[in-house]
Amino acid sequence: MDIAGFLKSQFLCHLFISYVFIGTGLIVNLIQLCTLIIWPFNKQLYRKINCRLAYCISSQLVMLLEWWSDTDCTLYTDPENYTKYGKENAIVVLNHNFEIDFLCGWNFCERFGVLGSSKVLAKKELSYVPVIGWMWYFLEIVFCKRKWEEDRENVIQGLHNLCDYPEHFWFLIHCEGTRFTEKKHEISMLVAEAKGLPKLKHHLLPRTKGFAVTVQSLRNVVSAVYDSTLNFRNNENPTLVGVLNGKKYHADLCVRRIPLEEIPEDEKECASWLHKLYQEKDAFQEEYYKTGIYPGTAIVPARRPWSLINWIIWASLLSYPLFKVLANMISSGSYLTISVFALLMVIVSVGVRRMIKVTEIDRGSAYGNRENKLKQK
């Protein structure tokens, strides 16, 4: 292991990164709260400001993937469509197989300059989580409780709110509803068999209602659906802890641009279209496991320096109070001061670890299980 690799694996480095991330996040959250006074007078200005504030937080996670772990990301796509990425609103349909697939989705957004304005369909409970959840609240992210009868109107309203959004945005959605595990896959395929749908090998059965409503609500707002299928070379099993330790991964992302006018407006026809799309995604994954490549031209989008610059600026700003506290603590020799400082560092460390646990596969939701239980009643 080289010196850089050794340093990246050290707890003190992780602690400093966590300190910068949480410190940045809480400061940005406070600024976002203050921007609420702008909304009644100039909604579009409020939105533009919050896109840039959100970038200060989300880009720090992308920085870890791109610059800290130096993870490679190769795009397989049509060169003609490649020129349109980042220049239009789009719905991005992602597979949900890996602990860092959300981070790779953000990396995709960052490479094309839409990270700050990117949107997701997120669990309601995440809106109460400091830093990321609060950032999403001010960014007008669409939250749901995963109970469609209660969610439908809220989701439709949230999507309609994006119709006059002043920035190009990508709406990222995991149609499978929860991350892939063998247990969930087995249950999902039982549901597929009961409904007479083709079985999938590498995906869960997609949830069609949310996708259909998203397409209907954004039909005159977005230009296309980006069907995005992610995998990693050499059977790598990436984790956020691995990224934090500086481990390098090699991601491949197959992206197909599908004009929105090709997607049926009728809800049932749209559902059939989505099932067919996932059969195609499954075929792509099967071919990838055999050949190690996706269809399309391999392109490596250039890394933008802004995520790294943003982190350096915030790390510099937050280093001063940290080292001042350390200097005072050492000079005073007070056990109370040392204890308080140690407690704060523990809180920072525990807070980040709890955020990381949200991404872990074995802590995924039981959303897929509920459907099976309902079917058995």
Side-chain angles (χ1 to χ4, degrees), residues 73-78 81-82 85 90-109 120-121 170-182 184-193 195-215 222 224-233 235-238 250-260 262-264 269-299 361 364 367-368 371:
C73 187
T74 302
L75 206 62
Y76 289 83
T77 191
D78 184 337
N81 291 333
Y82 182 85
Y85 299 155
I91 299 169
V92 182
V93 177
L94 295 157
N95 58 315
H96 210 2
N97 298 70
F98 304 98
E99 288 188 11
I100 66 167
D101 46 25
F102 80 96
L103 195 51
C104 291
W106 277 5
N107 178 56
F108 182 30
C109 294
V120 296
L121 187 62
W170 289 358
F171 191 91
L172 280 61
I173 182 171
H174 295 285
C175 293
E176 293 161 90
T178 186
R179 191 174 281 114
F180 184 100
T181 66
E182 290 300 329
K184 291 177 184 177
H185 179 255
E186 181 182 351
I187 294 171
S188 183
M189 292 308 98
L190 289 175
V191 175
E193 184 177 358
K195 293 183 176 181
L197 296 169
K199 292 187 177 182
L200 303 172
K201 185 176 181 180
H202 305 289
H203 299 83
L204 304 180
L205 199 66
R207 298 184 172 274
T208 60
K209 292 180 180 179
F211 176 78
V213 165
T214 301
V215 170
V222 304
V225 165
Y226 296 168
D227 171 38
S228 305
T229 307
L230 175 71
N231 214 322
F232 289 83
R233 298 177 193 174
N235 293 316
E236 292 175 338
N237 184 26
H250 306 82
D252 288 321
L253 184 67
C254 176
V255 180
R256 297 186 296 165
R257 181 185 183 275
I258 304 168
L260 207 66
E262 294 184 10
I263 303 175
E269 292 180 4
C270 184
S272 298
W273 182 92
L274 184 63
H275 283 301
K276 182 180 178 182
L277 182 78
Y278 267 77
Q279 292 166 37
E280 294 170 355
K281 289 170 77 72
D282 219 49
F284 288 155
Q285 289 288 53
E286 183 68 18
E287 187 64 22
Y288 183 88
Y289 283 115
K290 291 178 181 178
T291 65
I293 59 173
Y294 283 121
T297 303
I299 303 172
I361 286 178
Y367 192 42
E371 183 175 281

Heavy-atom pair of closest approach, residues [X] and [Y]:
X: Pro264; Y: Cys270; value: O-CB, 3.7 Å
X: Pro198; Y: Ala192; value: O-CB, 4.3 Å
X: Phe180; Y: His185; value: CE1-CD2, 3.4 Å
X: Tyr76; Y: Ala298; value: CE2-CB, 3.7 Å
X: Pro238; Y: Glu99; value: O-CB, 3.8 Å

Stepwise side-chain contact (heavy atoms from CB on, under 4.5 Å) check, Val93 with Ser228: CA-CA 6 Å; Val93 177; Ser228 305; over 6 Å; no
Under 4.0 Å between a side-chain nitrogen and a carboxylate oxygen: does that hold for [X] and [Y]?
X: Arg256; Y: Glu280; result: yes
X: Glu176; Y: Arg207; result: no
X: Arg257; Y: Asp78; result: no

To the closest 0.5 Å, what do you measure between [atom1] ([X]) and [atom2] ([Y])?
X: Leu197; Y: Met189; atom1: CG; atom2: CE; answer: 9.0 Å
X: Cys73; Y: Phe232; atom1: SG; atom2: CZ; answer: 7.5 Å
X: Leu204; Y: Arg179; atom1: CG; atom2: CZ; answer: 11.0 Å
X: Glu286; Y: Thr291; atom1: CD; atom2: OG1; answer: 10.0 Å

Looking at [X] and [Y], would you say the former's side chain and the latter's main chain have a donor-acceptor pair under 3.5 Å?
X: His250; Y: Thr74; value: no
X: Asn95; Y: Leu230; value: yes
X: Asn97; Y: His202; value: yes
X: Ser188; Y: Lys184; value: no
X: Lys281; Y: Asp227; value: no
X: Arg233; Y: Ala251; value: no

In the structure I gave you, are the side-chain heavy atoms of [X] and [Y] within less than 4.5 Å of one another anywhere?
X: Phe171; Y: Val120; value: no
X: Val215; Y: Ile91; value: yes
X: Leu277; Y: Pro206; value: no
X: Val92; Y: Val255; value: no

side-chain contact (heavy atoms from CB on, under 4.5 Å) between Cys109 and Leu172, intermediate numbers included: CA-CA 10 Å; Cys109 294; Leu172 280 61; 3.7 Å; yes
Full working for side-chain contact (heavy atoms from CB on, under 4.5 Å) between Leu94 and Asp101: CA-CA 8 Å; Leu94 295 157; Asp101 46 25; over 6 Å; no
Aromatic plane relationship, Phe108 with Tyr85 - under 30° parallel, 30 to 60° tilted, over 60° perpendicular: perpendicular
Between Tyr294 and Phe284, ring centroids under 6.0 Å: no
Derivation and outcome, side-chain contact (heavy atoms from CB on, under 4.5 Å), residues Tyr226 and Leu253: CA-CA 11 Å; Tyr226 296 168; Leu253 184 67; over 6 Å; no
Qualifying residues under side-chain hydrogen bond (donor to acceptor under 3.5 Å, both in side chains), relative to Asp282, sequence neighbours excluded: His203
Any residue meeting ring pair (Phe, Tyr, Trp, His ring centres under 6.0 Å) with Phe211, in chain and number order, not counting sequence neighbours: Trp273
For His275, ring pair (Phe, Tyr, Trp, His ring centres under 6.0 Å) partners two or more places apart: none
Positive for side-chain hydrogen bond (donor to acceptor under 3.5 Å, both in side chains) with Tyr288, one of Asp252, Thr229, Asn231: Asp252
